[in-house]
Amino acid sequence: MCATAPNQVYCWDITYLPDGSGAICFLVCVLDVFSRYIVGWQVYAEESSQHASDLMKDICWRENIQPNQVTLHSDNGSPMKGSTMLATLQALGIAKSFSRPAVSNDNPFAESVFNTLKHRPQLPLKRFNDVSEARQWAERLIRWYNHEHRHNDIRFVTPAQRQCRIRYSYLKTTKSRI
């Protein structure tokens with residue numbers, strides 16, 4: 001797959017964040033491959049195909065995604081292949097793409113985002129007290145990643161700049177053709 005503009009290819013994954021009770025919170029991120037912009041995220045107390053489905057519906061609504069516009073790539077985890085998620089993707093007209101079985105590095109964009117976020121100095125040295133605290137941390141870091149982090153693979157602009165610059169350019173050329 002090759003993305004030549006925003007909102008063509010998304011990838012997503014889930015990583016864990018330990019909380020203070022000894023439990024684990026799960027950070028779900030959906031990333032636009034072209035711009036590296038995190039188009040949607042959430043922190044949940046458990047992994048679930050239903051949670052992923054709800055997040056994808058929200059992203060499609062906010063990004064005005066039309067049927068057959070986006071391909072969504074993921075690994076082979078159970079939330080990614082759960083019947084609720086697959087039914088939602090089919091209803092939304094989103095094509096599915098999965099990593100090869102037993103290949104751990106087939107989703108490098110999502111893994112790279114998690115690596116960047118988890119190696120920021122803002123990651124608490126102690127565990128999160130609860131899911132709410134983990135969400136607050138994720139919100140700050142994702143805002144930083146999207147709007148301040150200059151990404152070397154997209155010519156040292158921020159993901160938000162890449163996402164918006166292309167949209168603006170597209171709208172400008174579309175208007176001039178009308």
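The analysis underlying the following values was restricted to heavy atoms, covering all of them including side chains, and did not include hydrogens, waters or symmetry mates. The model shown is predicted, which means the values in this text are computed figures rather than measured ones. FYI, the numbering just counts along the sequence from 1.
Considering every non-hydrogen atom in both Leu55 and Gln42, the closest pair reads CD2-N, 4.4 Å. Of all heavy-atom pairs between Trp41 and Arg135, the closest is CH2-O, 3.5 Å. For Asn7 against Asp32, the heavy-atom pair with the smallest separation is N-OD2, 2.6 Å. Between Lys81 and Leu86 the shortest heavy-atom distance is O-CD1, 3.3 Å. Residue Asn129 comes nearest to Glu133 through the heavy atom pair ND2-OE1, 2.8 Å, listed as atom of the first residue, atom of the second, then distance. Residues Pro79 and Ser49 come closest through the heavy atom pair O-OG, 3.6 Å.
Thr88 and Ser53 share a donor-acceptor pair across their side chains, judged by distance under 3.5 Å alone. Using modelled atom types, one finds no donor on one side chain facing an acceptor on the other under 3.5 Å when comparing Asn68 with Gln66. Judged by distance alone, the side chains of Glu46 and His51 do bring a donor and an acceptor atom under 3.5 Å apart.
Proximity of a side-chain donor or acceptor of Arg36 to a complementary backbone N or O of Pro159 within less than 3.5 Å is not detected. For the pair Gln161 (side chain) and Thr158 (backbone), a donor-acceptor distance under 3.5 Å is present.
Atom CE of residue Met80 and atom OG of residue Ser97 lie 12.0 Å apart, to the nearest 0.5 angstrom.
Residues Glu139 and Arg143 are paired through a salt bridge, judged by an N-O separation under 4.0 Å between the basic side chain and the carboxylate.
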